[in-house]
Amino acid sequence: GDSPHYLIAAQSLSHFTLDVVPAYARDMVSRAVYDWPIGTTVRTPYAIHAYLPGPHGPVFAQGIGLPALLAPFMALGSVPFALIGFFTVDAAGMVLLHQRASRLAGIGKGGRALFALVMAAPALWLAATQVYPDLVSGIFLACGFVELAILERNGRLDRLGTAVLIVSF
C-alpha cells in the first residue's frame, strides 16, 4: 500500500525538506520503513510513482497533508512513534466525535453505548489499521460538521468547538 510512502514523506518533512528522494535512498538501504527488494534504488521504475518533479526538485506525489501530521511523530521516534501518534489521533477524533454528537442528539447512556458499537464497526477497524488519509480526514470533517450543528443549535461555540472547526476545515 501507500503507508510506507506517507511515512517516508513524513521523514523528509521531519528533516525540514520537501525533497523525498534522499529519504527514499536512505530507506532503500536501511529498510527501516519498508522491506524493499534487494537492489531497489530511487531509479527503480515502481518506486518512481511516489514522487513527481517539482520546480525545486522531486516532491511527494500524494500531497503533504498526512505526512505533515506524521512528521512531528517521525522526528520524535521514527516509524513506531509515528504509527502510535497517527492511531492516537484517529482514536481521539473518534472519541471526540462520539461525545460531541451524542450530546448534540441528546442520546442517553444506552443510546451512547449502541452509537459507540456502531462507530466501532468492522470496516472502521480495517480502515484504522493502515496509514492512509481517508479515515483521519473523514474524522476531522465529521467533527467539524458536528461543531457546525452545535453552533447552529446554540448560537455559539465553546473553545473546544472553535478549535475543532479550525483544525477540521
Side-chain angles (χ1 to χ4, degrees), residues 1-20 23 33-34 50-52 54-56 58-109 111-169:
D2 289 336
S3 293
H5 300 289
Y6 286 109
L7 291 165
I8 291 170
Q11 198 170 48
S12 291
L13 291 177
S14 74
H15 291 117
F16 303 105
T17 181
L18 294 173
D19 185 357
V20 293
V33 176
Y34 184 69
Y51 55 89
L52 300 168
H56 303 289
V59 294
F60 184 57
Q62 282 93 353
I64 64 166
L66 183 56
L69 176 68
L70 295 170
F73 300 113
M74 286 294 280
L76 292 174
S78 196
V79 175
F81 200 68
L83 294 174
I84 290 168
F86 178 72
F87 295 131
T88 300
V89 168
D90 278 351
M94 291 301 291
V95 168
L96 176 70
L97 179 60
H98 176 267
Q99 295 299 312
R100 301 291 278 189
S102 294
R103 278 192 217 124
L104 176 66
I107 299 174
K109 281 186 179 181
R112 284 181 183 213
L114 180 61
F115 184 34
L117 285 173
V118 170
M119 288 180 72
L124 180 65
W125 282 91
L126 181 61
T129 61
Q130 51 189 320
V131 176
Y132 203 69
D134 294 353
L135 179 61
V136 73
S137 298
I139 291 170
F140 284 175
L141 284 172
C143 287
F145 286 129
V146 167
E147 295 306 324
L148 287 175
I150 290 171
L151 174 62
E152 186 173 320
R153 186 184 73 187
N154 298 343
R156 64 178 183 76
L157 284 176
D158 58 13
R159 287 184 203 160
L160 177 61
T162 304
V164 168
L165 279 177
I166 289 169
V167 169
S168 65
F169 295 110

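Hydrogens, waters and symmetry mates are skipped; everything else that's a heavy atom, side chains included, is used. Keep in mind it's a predicted model, so treat the numbers as computed, not measured.
- Open room surrounds OH on Tyr34; 12 or fewer heavy atoms of other groups in view lie less than 6.0 Å from it.
- Between atom OG1 of residue Thr162 and atom CG of residue Asp158 there is a gap of 6.5 Å, rounded to the nearest 0.5 Å.
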Identify each donor-acceptor pair in which a side-chain atom of residues 141-149 lies under 3.5 Å from a protein atom, sequence neighbours left out, and give them as a table.
{"unit_1": "Glu147", "atom_1": "OE1", "unit_2": "Arg100", "atom_2": "NH2", "d": "2.8"}
{"unit_1": "Glu147", "atom_1": "OE2", "unit_2": "Arg100", "atom_2": "NE", "d": "2.8"}
{"unit_1": "Glu147", "atom_1": "OE2", "unit_2": "Arg100", "atom_2": "NH2", "d": "3.4"}

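- Counting heavy atoms from C-beta on, the side chains of Tyr132 and Ser3 never come closer than 4.5 Å.
- By the 6.0 Å contact criterion, CZ on Arg153 is enclosed, its count of non-hydrogen atoms from other residues, nucleotides or ligands being greater than 12.
- With Asp2 contributing its side chain and His5 its backbone, the two residues share no donor-acceptor pair below 3.5 Å.
- Under the 4.5 Å side-chain criterion, counting only non-hydrogen atoms from C-beta, Leu114 is not in contact with Ile107.
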Show your reasoning for whether ring-ring contact (aromatic ring centres under 6.0 Å, His included) applies to Phe60 and Tyr6. CA-CA 8 Å; Phe60 184 57; Tyr6 286 109; 5.5 Å; yes

Mind listing the side-chain donor-acceptor pairs of residues 63-85 below 3.5 Å, one per line with the distance, residues two or more places apart or on another chain?
none

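- Nearest heavy-atom pair across Gln99 and Arg112 is OE1-NH1, 3.5 Å.
- One finds the NE2 atom of His15 at 12.5 Å from the CG atom of Asp19 (value rounded to the nearest 0.5 Å).
- Applying the ring pair (Phe, Tyr, Trp, His ring centres under 6.0 Å) rule to Phe140 yields no partners; only residues at least two apart in sequence or on another chain are considered.
- To the nearest 0.5 angstrom, Leu151 atom CG is 7.0 Å from Leu165 atom CG.
- Residue Phe115 comes nearest to His98 through the heavy atom pair CD2-CD2, 3.4 Å, listed as atom of the first residue, atom of the second, then distance.
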